[in-house]
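Numbers for residues simply follow the sequence, beginning at 1.
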Amino acid sequence: MTDARYASGPPPRNTIAPTATQRALPLEDLTQPDSRFVLHVPFKAPTLGAALGMAERLADFLDFIPDFDPRDTAVSHEDDQLNQHPVYCGNIIPSQGRCLYLYSHSDSCSVT
């Protein structure tokens, strides 16, 4: 379903207009280049394994976004958000970056 507000494309940066159910965002919040934020997107899954699989697919899908970091993807129960289960290993490999294998991998870490 296409949102009529974006029929001619997304809004220009720093001009996000809230809908009736959204709060207005201060523009200064959108102009902090070094800030990192976490997007919490609740969804239903029958098991933790299924939730991790869904998070992996979503992270892989969103990897085209330049500032998106899939290596920090984690899953938690809605009522226990401080107990996070990582999707990816994320170990730092000197001069290469972070490991992109799943958290429970048994091979040597790799960025490819």
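Distance check: L100 CG to I93 CD1 gives 8.0 Å after rounding to the nearest 0.5 Å. To the nearest 0.5 Å, atom CG of residue D69 and atom CG of residue D63 are 9.0 Å apart. The CG atom of L58 sits 8.5 Å away from atom CG of L39, with the distance rounded to the nearest 0.5 Å. Atom CG of residue L52 and atom CE of residue M54 lie 12.0 Å apart, to the nearest 0.5 angstrom. To the nearest 0.5 Å, the span separating CG on N83 from NE2 on H77 amounts to 7.5 Å. Between the SG atom in C109 and the CG atom in N91 there is a gap of 4.5 Å [rounded to 0.5 Å].
Looking at every heavy atom in both residues, V111 comes nearest to R98 through CG1-O, 3.3 Å. The two atoms that bring R71 and C99 nearest to each other are CG-O, 4.1 Å, heavy atoms only.
Applying the ring-ring contact (aromatic ring centres under 6.0 Å, His included) definition to pairs two or more places apart or across chains, those involving residues 78-112 are Y101-H105.
Heavy atoms of other residues, nucleotides or ligands lying less than 6.0 angstrom from CZ of F43 number more than 12. By the neighbour-count criterion of 12 heavy atoms within 6.0 Å, atom CG of L48 is densely surrounded, having more than that number from other residues, nucleotides or ligands.
Neither V41 nor V38 shares a network with the other; the hydrophobic side chains, linked directly or stepwise wherever heavy atoms of I, L, V, M, F, W or Y lie under 4.5 Å apart, form separate groups for each.
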